[in-house]
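Read the structure below first, then the notes.
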Amino acid sequence: MSKAHDRKVRGSTPPSGGHPRTPDGPEPPGGRWPVGGKPPRPIAAARKPPADFEEGERDSLTDVPGGVRLQKVLAAAGLGSRRHCEELIAEGRVEVDGETVRRYGARVDPQHQVIRVDGLRIPSRQDLVYLALNKPAGVLTTMSDDRGRRTVGDLLGDRQERLYHVGRLDYETEGLMLLTNDGDLAHRLMHPRYGVLKTYLADVPGPVDRDLGRRLMTGIELEDGVASADKFRVVERAGSRALVEITLHEGRKHIVRRLLAETGHPVSRLVRTQVGPVKLGNLKPGTSRVLTTAEVGGLYAAVGL
């Protein structure tokens, strides 16, 4: 046998138990890799549970007969795939009724038990809805109106749930509104005891005095008592106008407009941009979106739930 023939035979012989090799590794049956000319990336290995975790580790939480597996509840709440939720459980980041649970198969009642991840409560009940709405000017803060005027309810379309708006925005005020059928949360968000912060952008006449923020945060005397802002800053100055941002926990009627008017800066346009941890962002006027799990957890935390 010639040397050339011998090289040819040896070059085409696959390694033991494999396929003929290519510059990128073994060649698959059929002779080609997918488009791109390289072997597919291997599937990442599953993360191992913590060293102190033992399969079958027990806790004192009693399984609910006919309950739902904990990782399924977490996945349904938007925390990721079931596999990722199992990792959260294994890492000791999940609590049920105040107790850390590390059993993948723990069965819980999402309708009645309080479930937290990293200390934040998650919206585990599938029948509860949490929405953010960007209310345009010229819309009533009500779900219906017998005089045919445009309402918040009109913007939501035909929803089966009976939703409630959390607080109100004036007819001409724009911006973020929260809507939910979670009565406990809605009640606390509106209650002055919890002092949930709300932030607004206001277009006012300039110039704005340097001490306006100090005056607002110290307190302004109104006809129904003293009111104050928690934060204040000038965002922009443009000719005879100014754009200011004001944050306060007050919930009295027309409070932002009355505060600024009392200081000599009547508002020509007012937009609410944030309620607690929830921001308006780039949500288009007249549209709504579902709150994220983190946003709902932040609202729960803000009112002690």
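- Sorted by first and then second residue, the pairs that involve residues 107-123 and meet salt bridge (Lys or Arg N to Asp or Glu O under 4.0 Å), not counting sequence neighbours, are Arg93-Asp118.
- A salt bridge is defined here as a Lys NZ or Arg NE, NH1 or NH2 lying under 4.0 Å from an Asp or Glu carboxylate O, and Glu174 with Arg269 meets this definition.
- Each salt bridge (Lys or Arg N to Asp or Glu O under 4.0 Å) pair with one or both residues in residues 274-291, not counting sequence neighbours, appears once here: Arg289-Glu295.
- Of the possible polar contacts, none joining the His249 side chain to the Val196 backbone as a donor-acceptor pair under 3.5 Å is found.
- Residues passing the side-chain contact (heavy atoms from CB on, under 4.5 Å) test with Asp224, sequence neighbours excluded: Leu222, Arg252, Arg258.
- Listed by chain and number, the residues in a side-chain contact (heavy atoms from CB on, under 4.5 Å) with Arg193 are His191 (sequence neighbours excluded).
- Every residue meeting the side chain to side chain donor-acceptor pair (under 3.5 Å) condition with Thr199, not counting sequence neighbours, appears here in chain and number order: Thr247.
- When all heavy atoms of Gly298 and Pro277 are compared, the closest pair comes out as C-CG, 3.6 Å.
- Judged purely by distance below 3.5 Å, without hydrogens or angles, the side chains of Arg241 and Ser268 pair a donor atom with an acceptor atom.
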Under 3.5 Å, sequence neighbours excluded: what are the donor-acceptor pairs made by side chains of residues 208-218?
residue	atom	partner	partner atom	Å
Asp211	OD2	Arg214	NH2	3.3
Thr218	OG1	Arg214	O	2.7

I'd like a table of donor-acceptor pairs (distance under 3.5 Å, sequence neighbours excluded) in which one partner is a side-chain atom from residues 124-141, with atom names and distances.
residue	atom	partner	partner atom	Å
Ser124	OG	Pro110	O	3.0
Arg125	NE	Asp127	OD1	3.1
Arg125	NH2	Asp127	OD2	2.7
Tyr130	OH	Asp182	OD2	2.6
Tyr130	OH	Tyr300	OH	2.7
Asn134	ND2	Leu283	O	2.7
Lys135	NZ	Val139	O	2.9
Lys135	NZ	Asp170	O	3.2
Lys135	NZ	Tyr171	O	3.2
Lys135	NZ	Thr173	O	2.9
Thr141	OG1	Leu169	N	3.3
Thr141	OG1	Leu169	O	2.7

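- Under a 3.5 Å cut-off, the side chain of Arg159 and the backbone N or O of Gly153 do not form any donor-acceptor pair.
- Between the side chains of Asp97 and Gln113, at least one donor-acceptor pair of N or O atoms lies under 3.5 Å.
- The salt bridge (Lys or Arg N to Asp or Glu O under 4.0 Å) test applied to Glu221 returns no partner, not counting sequence neighbours.
- When all heavy atoms are compared, the tightest approach of Asp230 to Leu248 is OD1-CA, 3.1 Å.
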Given the rule in the side-chain hydrogen bond (donor to acceptor under 3.5 Å, both in side chains) test, do Thr142 and Asp145 qualify, once you have shown the distances and angles that lead to the verdict? CA-CA 7 Å; Thr142 183; Asp145 180 62; over 6 Å; no
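- Listed by chain and number, the residues in a salt bridge (Lys or Arg N to Asp or Glu O under 4.0 Å) with Arg150 amount to none (sequence neighbours excluded).
- Nearest approach of Gly264 to Pro205, heavy atoms of both residues: O-CG, 4.5 Å.
- Evaluation of the salt bridge (Lys or Arg N to Asp or Glu O under 4.0 Å) rule for Arg82 yields no partner, not counting sequence neighbours.
- By the salt bridge (Lys or Arg N to Asp or Glu O under 4.0 Å) test, Glu245 is found to be paired with Arg233, residues two or more places apart in sequence or in another chain being considered.
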Tell me, with the steps shown, if Arg188 and Leu305 meet side-chain contact (heavy atoms from CB on, under 4.5 Å). CA-CA 9 Å; Arg188 291 199 179 201; Leu305 286 176; 3.6 Å; yes
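- The two atoms that bring Leu260 and Ala202 nearest to each other are CD1-CB, 3.8 Å, heavy atoms only.
- Residues satisfying the side-chain contact (heavy atoms from CB on, under 4.5 Å) test with Ser228, not counting sequence neighbours, are none.
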